[in-house]
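Here, residue 1 is the first one in the sequence, and each next residue gets the next number.
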Amino acid sequence: MHYKGFLFKNKKPDFTKLESYGFACKNGVYKFKTDILDGLFEFVVTIDKNASIDTKILEKSTNEEYQLVYVQNATGEFVGKVKNEYEKILTDISEKCFVIDVFKSDYANEIIRYIKEKYNANPEYLWEKFPDNAVFRNQSTNKWFAAILTTTRKAIGRNEDGKIEIIDLKAPPEEIQQLVDGKNYLPGYHMNKKHWFTIPLDGTVEIKTILKLIDNSYKTIIQKRKIKK
């Protein structure tokens, strides 16, 4: 049965971790088997290179698939135990073998790698209602210096349908005034517009320029701390 739940939403498999967990790989397909409920059932999880996930619970006495586990309104103490084991194992695999994969643009993912390597900061997903928004903070001051958000194109003034990924960065107010042009550089989206500005991650601004502005944003929060001291 193809898994259609939410445990793996906005996540992608780390295939090295799958193998460490106990998945066996054959022809690019990863398979994990384990007994549940004192050996009454065998639980099989299959994950392919495209991160498609299939599950199967087999009654070991008959080798037939136990279909009730997939029926949402199936009730009863026994089926409840099977469902609990099913969810427990999938949750464990999701937490131990999958990594967050929210942002789709090459720009966003390159920025995440850059910030991790240079500032040892990982994206933090703070809002349950907005799982495709993340912030980055200075590890010593706890201050935000960047945020990658997903919003609609119309929300940033584009007369187009669809979503877009953007980055919010900090800068001194006088620099923001000179920078913001309403097209390539926008007033801070959902931020204090005096201290933040926004760049669409759609190629309108080159990635090397964005990385320099990230460095500047990081320096801005460091300089503010020094001034306060």
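Applying the side-chain hydrogen bond (donor to acceptor under 3.5 Å, both in side chains) criterion to Thr16, with sequence neighbours excluded, gives no partner residue. For Lys116, the side-chain hydrogen bond (donor to acceptor under 3.5 Å, both in side chains) partners at least two apart in sequence or on another chain are Asn120. With sequence neighbours excluded, the residues that form a ring pair (Phe, Tyr, Trp, His ring centres under 6.0 Å) with Tyr218 are Tyr119, Phe145. Residues meeting the side-chain hydrogen bond (donor to acceptor under 3.5 Å, both in side chains) test with Glu59, sequence neighbours left out: none. For the ring pair (Phe, Tyr, Trp, His ring centres under 6.0 Å) test, residues two or more places apart in sequence or in another chain that qualify with Tyr86 are Phe43. Residues forming a side-chain hydrogen bond (donor to acceptor under 3.5 Å, both in side chains) with Asp168 (at least two apart in sequence, or on another chain): Thr198.
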Table please: side-chain donor-acceptor pairs of residues 148-155 below 3.5 Å, with sequence neighbours left out.
unit_1: Thr150; atom_1: OG1; unit_2: Asp132; atom_2: O; d: 3.1
unit_1: Thr151; atom_1: OG1; unit_2: Tyr189; atom_2: OH; d: 2.8
unit_1: Thr152; atom_1: OG1; unit_2: Ala155; atom_2: N; d: 3.1
unit_1: Arg153; atom_1: NH1; unit_2: Glu160; atom_2: OE1; d: 3.3
unit_1: Lys154; atom_1: NZ; unit_2: Asp161; atom_2: OD1; d: 3.2

List the atom pairs, with distances to 0.1 Å, where a side-chain N or O of residues 4-11 and a protein N or O form a donor-acceptor pair under 3.5 Å, not counting sequence neighbours.
unit_1: Lys11; atom_1: NZ; unit_2: Ser94; atom_2: O; d: 3.4
unit_1: Lys11; atom_1: NZ; unit_2: Ser94; atom_2: OG; d: 3.0

Show every donor-acceptor pair shorter than 3.5 Å between a side-chain atom in residues 21-31 and any protein atom, with sequence neighbours excluded, or say none if there are none.
unit_1: Tyr21; atom_1: OH; unit_2: Asp92; atom_2: OD2; d: 2.6

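The salt bridge (Lys or Arg N to Asp or Glu O under 4.0 Å) pairs that include a residue from residues 12-25 number zero, where partners must be two or more places apart or lie in different chains. Residue pairs meeting the salt bridge (Lys or Arg N to Asp or Glu O under 4.0 Å) criterion with at least one partner in residues 199-218, sequence neighbours excluded, are Lys118-Asp215, Arg158-Asp202, Glu206-Lys208.
Within the hydrophobic cluster formed by Ile, Leu, Val, Met, Phe, Trp and Tyr side chains joined at under 4.5 Å, directly or through other members, Leu58 stands alone, with no partner residue.
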